[in-house]
Engineer: 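First the structure, which I've put down as structure tokens, then a few questions once you've had a look.
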Amino acid sequence: MASKLTPRGTDYSKWYNELVAQADLAQHSDVKGCMVIKPYGFAIWERMQSVLDGMFKETGHVNAYFPLFIPKSYLSKEAAHVEGFAKECAVVTHYRLMNDPNGNGVVVDPSAKLEEELVVRPTSETIIWNTYKDWIQSYRDLPLLINQWANVVRWEMRTRLFLRTAEFLWQEGHTAHETKEEAVEEARRMLDVYANFAEGWMAMPVVKGVKSVNERFAGAEDTYCIEAMMQDGKALQAGTSHFLGQNFARAFDVKFATRDGGQELVWATSWGVSTRLMGALIMTHSDDAGLVLPPKLAPIEVVLVPIYKGEDQMAEIVAALKSIADDLKAAGIRVKLDDDDTKRSGWKFAEYELKGVPVRLAMGPRDLAGGTIEVARRDTKEKSYVPSEGIVAHVQSLLAEIQDNLLARAAARTTETTSVVDTWDDFIAALDRGGFVSAHWDGTSETEDLIKKETKATIRCIPLDGDTTPGQCIRTGAPSAQRVLFARAY
RNA sequence: CGGGAUAUAGCGCAGCCCGGUAGCGCGCUUCGUUCGGGACGAAGAGGCCGCAGGUUCGAAUCCUGCUAUCCCGACCA
């Protein structure tokens, strides 16, 4: 806890791992690739969940819950889908343990083999569409707008806390619609929800776009995404929203009676964001002193720290801070008064900086005498002394300013690191500098693969509001309809 | 799945080459002094040295096998 973080400039990856551990966000568990999300980290995720859940409900969705286990046969009903996920599925084959005849604890009971293996869901399209089949009879049952909060398992070769873990928490929306247009509109609507959340709450600028065929979700007709740029110049896919066409309806035979009495396959979407957003949040704002949280998602927006000598002074100052804390709470601000006498104020300052608390208020004897309070903001590390009278209004506007500043700072960085290039040499140079690279591409998977192989860069997305001036492919010189965004990515 | 490394107290590590009954820092407990940026002193508690074999009078240390984790790649939200 007392050790300093490796600076970002020295080893970004190391900095990230140390930050996650030291800020008490998560730790590795004894199970490979799986993490324990610690209370402070989970509190941030709970804030994200609660805000997103509200946004989903505002857009007409309801929550439900589907099983963790999926019969193996379901997974293979949609060809592209199983192709995409088969390599990373955990499979349950037995349902009972027994005492080891040799006395070494318990072993799998070989007589308890399942007739059909169960796959631990890597995503829930199949089990959900198999259920929707029974729920949807008529156009009157549509649209069906359901979300679930769940854990999923993808047996990844290589994992990183929050960014890629074998088990992760997420939400997955699964909707059914009467027409293609409605489904596309839904997928786009949820993409907007994600983008609004990213920018409005996480203070993380994102580019909205559509994935190339190579990067598309297994079983989708179109994958929309939000892409964010991290401080080290690598891109991170922060959320996806898929237009699934009629693929799953066809695979699970989900038909509805149309308004004119016919039978038609329903149109589908699915969309999700995961605990990966925690990684995005960390890598967007944090610095060498630790985590930096946007006020809107901080479990603690303001921490109050007393500075004192002796018990009498402590009592006096804590009482004054308590009164301020109550006023802040009454104004709807999440506060913590840290009157723990076993830790010194200097230790607390460092600790709350590490944990990214946006605003720190400290009061010592001089403040008490002079009617002031020390206000320190985490984003710029600036400190000032302000009158304790009217502190609530001051803090409110400061929190808003910090929220805005974080977004502006991240947006400036994203813009500054984005390159627009027209030659292969410039393209390589831009990739090496880091950031998004806006360039022309001939639209073929072959060229995309080639570029990936040669540069490790992928097409992050074809921006929805991008530059649609035609040009020539950066690699092949073939005609290109519009610029796309390349980057090296997580 | 390839390459590299590691496994010793809650955490971070030393000890291993050269075998002799386990040590340091942080943290933890108690007491005292401190307190405007990670305090100081004193006294304590805490370890099947990853697991299983082998060599030896004796293994954290040498040998064999296994397991797990981390990092770097290929694959992915």
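So you know, we letter chains A, B, ... as the sequences are listed, proteins then strands, and number each from 1. All heavy atoms count here, side chains included; hydrogens, waters and symmetry mates do not.
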Engineer: Would Arg360(A) count as a cation-pi partner of Phe349(A), with NZ or CZ less than 6.0 Å from the six-membered ring centre and within 45° of the ring normal?
Structural biologist: yes

Engineer: Mind checking the P distance from C40(B) to C35(B)? Whole angstroms is fine.
Structural biologist: 14 Å

Engineer: Just to be sure I understand the rule, does Arg160(A) reach a base, reach only the sugar-phosphate, or reach nothing, if contact means heavy atoms closer than 4.0 Å?
Structural biologist: nothing

Engineer: Take atom NZ in Lys77(A); do more than 12 heavy atoms of anything else shown fall under 6.0 Å from it?
Structural biologist: yes

Engineer: State the CZ-CE distance between Phe42(A) and Met48(A), to the nearest 0.5 angstrom.
Structural biologist: 12.0 Å

Engineer: Salt bridge between Asp287(A) and Arg378(A), side-chain N to carboxylate O under 4.0 Å?
Structural biologist: yes

Engineer: Whole angstrom is fine here: how far is it from NZ in Lys211(A) over to P in C76(B)?
Structural biologist: 11 Å

Engineer: Report the distance from atom CG of Asp24(A) to atom P of G10(B), rounded to the nearest whole Å.
Structural biologist: 18 Å

Engineer: Between Tyr224(A) and Tyr194(A) (judged by ring centroids, cut-off 6.0 Å), do the two rings come close enough to count as a pair?
Structural biologist: no

Engineer: Once you round it to whole Å, what is the distance between C1' of C76(B) and CG of Asn214(A)?
Structural biologist: 14 Å

Engineer: Strictly below 4.0 Å: does Arg344(A) bring a side-chain N or O up to OP1 or OP2 of A39(B)?
Structural biologist: yes

Engineer: Taking atom C1' of C76(B) as reference, at what distance in whole Å does atom CZ of Arg460(A) sit?
Structural biologist: 11 Å

Engineer: Is Phe217(A) touching bases, backbone alone, or none of the nucleic acid, heavy atoms closer than 4.0 Å?
Structural biologist: nothing

Engineer: In whole Å, what separates the P atom of G50(B) from that of C16(B)?
Structural biologist: 16 Å

Engineer: Let's see if you can work this out: which of A77(B), G36(B), G38(B) has an atom nearest to the side-chain heavy atoms of Ser274(A)?
Structural biologist: A77(B)

Engineer: Do the ring centers of Tyr74(A) and Phe69(A) come within less than 6.0 Å of each other?
Structural biologist: no

Engineer: Determine the sole option in His242(A), Glu125(A), Glu172(A) for which the side-chain hydrogen bond (donor to acceptor under 3.5 Å, both in side chains) test with Ser270(A) is passed.
Structural biologist: Glu125(A)

Engineer: Sticking with atom P, work out how far C17(B) lies from U6(B), rounded to a whole angstrom.
Structural biologist: 15 Å

Engineer: On the nucleotide C70(B), are OP1 or OP2 found under 4.0 Å from the side-chain N or O atoms that Asn17(A) carries?
Structural biologist: no

Engineer: Out of G37(B), C70(B), C75(B), which has the shortest distance to the side chain of Lys87(A)?
Structural biologist: C75(B)

Engineer: Would you say that Asp232(A) contacts Ser13(A) through its side chain, given a criterion of any heavy-atom pair below 4.5 Å between the two side chains?
Structural biologist: no

Engineer: Please state the P separation for the pair A22(B) and A59(B) - nearest whole angstrom.
Structural biologist: 13 Å

Engineer: Taking the nucleotide of RNA chain B with the nearest heavy atom to each, does Ala238(A) or Gly33(A) sit closer to the 5' end?
Structural biologist: Gly33(A)

Engineer: Roughly how far apart, to the nearest Å, are U33(B) and A7(B) at atom P?
Structural biologist: 43 Å

Engineer: Quantified in whole Å, what is the P atom distance between nucleotide C48(B) and nucleotide C57(B)?
Structural biologist: 28 Å

Engineer: For Glu156(A) and A74(B), give me the distance from atom CD to atom C1', rounded to whole Å.
Structural biologist: 13 Å

Engineer: What pairs meet the salt bridge (Lys or Arg N to Asp or Glu O under 4.0 Å) rule with one or both residues in residues 300-320 of chain A, with sequence neighbours excluded?
Structural biologist: Glu301(A)-Arg334(A)

Engineer: Does the ring center of His61(A) lie less than 6.0 Å from the ring center of Trp271(A)?
Structural biologist: yes

Engineer: Rounding to a whole Å, what distance do you find between Arg488(A):CZ and C75(B):P?
Structural biologist: 14 Å

Engineer: Quote, to the nearest angstrom, the P distance that separates C1(B) from G46(B).
Structural biologist: 43 Å

Engineer: Measuring only the P atom in each nucleotide, how far is G58(B) from A43(B)? A whole number of Å is fine.
Structural biologist: 39 Å

Engineer: Any donor-acceptor pair under 3.5 Å linking the side-chain atoms of Thr458(A) with those of Arg460(A)?
Structural biologist: yes

Engineer: Take atom CG of Leu52(A) and atom P of A77(B), then tell me their distance rounded to the nearest Å.
Structural biologist: 19 Å

Engineer: Under a 3.5 Å cutoff on both atom distances, Watson-Crick or G-U, what's the dot-bracket for RNA chain B ([ ] crossing, | other strand)?
Structural biologist: ((((((((.[[[[.)....(..]]]].((((((.....)))))).....[[[[[..)....]]]]])))))))....

Engineer: Check the distance between A39(B)'s P and Lys343(A)'s NZ and give it to me in whole angstrom.
Structural biologist: 11 Å

Engineer: Can you pull out the residues from residues 293-317 of chain A that lie within a 4.0 Å heavy-atom distance of RNA chain B?
Structural biologist: Ile307(A), Tyr308(A), Lys309(A), Gly310(A)

Engineer: Across the strands shown, which category fits Phe85(A) at heavy-atom distances under 4.0 angstrom: base, sugar-phosphate, nothing?
Structural biologist: nothing

Engineer: Taking the nucleotide of RNA chain B with the closest heavy atom to each, which residue, Pro365(A) or Arg276(A), is nearer the 5' end?
Structural biologist: Pro365(A)

